[in-house]
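Every chain is numbered from 1, with letters handed out A, B, ... down the list of sequences. The figures that follow rest on heavy atoms only: side chains count, while hydrogens, waters and symmetry mates do not.
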Amino acid sequence: GESVGLHLPTLSVQEGDNSIINCAYSNSASDYFIWYKQESGKGPQFIIDIRSNMDKRQGQRVTVLLNKTVKHLSLQIAATQPGDSAVYFCAENDEGGKLIFGQGTELSVKP
Amino acid sequence: ETGVTQTPRHLVMGMTNKKSLKCEQHLGHNAMYWYKQSAKKPLELMFVYSLEERVENNSVPSRFSPECPNSSHLFLHLHTLQPEDSALYLCASSQDTRDGYTFGSGTRLTVV
């Protein structure tokens, strides 16, 4: 069935290091993918998106990679900062227009 | 502020109470959504409204009743809830159902 899942529920990195958060999806018909960041007490906040006709997209300190062959999505955060500590969700927008979320990865940044 | 405002931020209600959650967006979006977020679970889509018409109802119990009077406002009416309904209820909007969503900060609901 349709599912979006994350490989690791928690990730701890040193401040200044790069972070990589991974996501696997199962619906090959999904054509739009989004990463969200959710801080404590707040709703999910859009970080970056990518459509299926691309395999890489860069933002400010963030890069999303899409590998459609193995149905894998990753979020790379460069020079991770304490303010990056949050739960990160990947989401896929399937052909029906629904946004399906993964379980989330909690990123902790050690000073 | 994201442009999607939810009230109240916190709500405690008894199982026999009736309450409503409110969501408001002034982003000019045409689609609005209710999600439920429980601890250790992915966000669960509850309802989708596109151009004020309900287009998705994900097998949600009838004790949750949505209302979308116009494209800027969305309500979730609650009655005779159960303790397991305690969760963070998130509202979101998007220009179209095929676009990314903008979320509100949520209503933290506790059913006692």
Check B/D85 with B/R63, please: is the shortest side-chain N to carboxylate O separation under 4.0 Å? yes

Contact class of A/I34 relative to chain B, heavy atoms under 4.5 angstrom: side chain

Please work out whether the ring planes of B/F103 and A/Y36 are parallel, tilted or perpendicular, with thresholds of 30° and 60°. perpendicular

Relative to chain B, which segment of A/Q45 carries a heavy atom at a distance below 4.5 Å: side chain, backbone, both, or neither? neither

So which part of B/L43 gets closer than 4.5 Å to some heavy atom of chain A, the side chain, the backbone, both or neither? both

Neighbour count above 12 (heavy atom, 6.0 Å) for B/E53 CD: no

Is the closest side-chain donor-acceptor distance between B/Q6 and B/E24 under 3.5 Å? no

Honestly, the part of B/D99 sitting under 4.5 Å from a heavy atom of chain A is both

Assess the residue pair B/Y89 and B/Y35 against the criterion (ring-ring contact (aromatic ring centres under 6.0 Å, His included)); give the C-alpha distance rounded to whole Å, side-chain angles, the decisive distance to 0.1 Å, and a yes or no. CA-CA 6 Å; B/Y89 288 84; B/Y35 277 85; over 10 Å; no

Considering only heavy atoms, which portion of B/R9 lies under 4.5 Å from any heavy atom of chain A: side chain, backbone, both, or neither? side chain

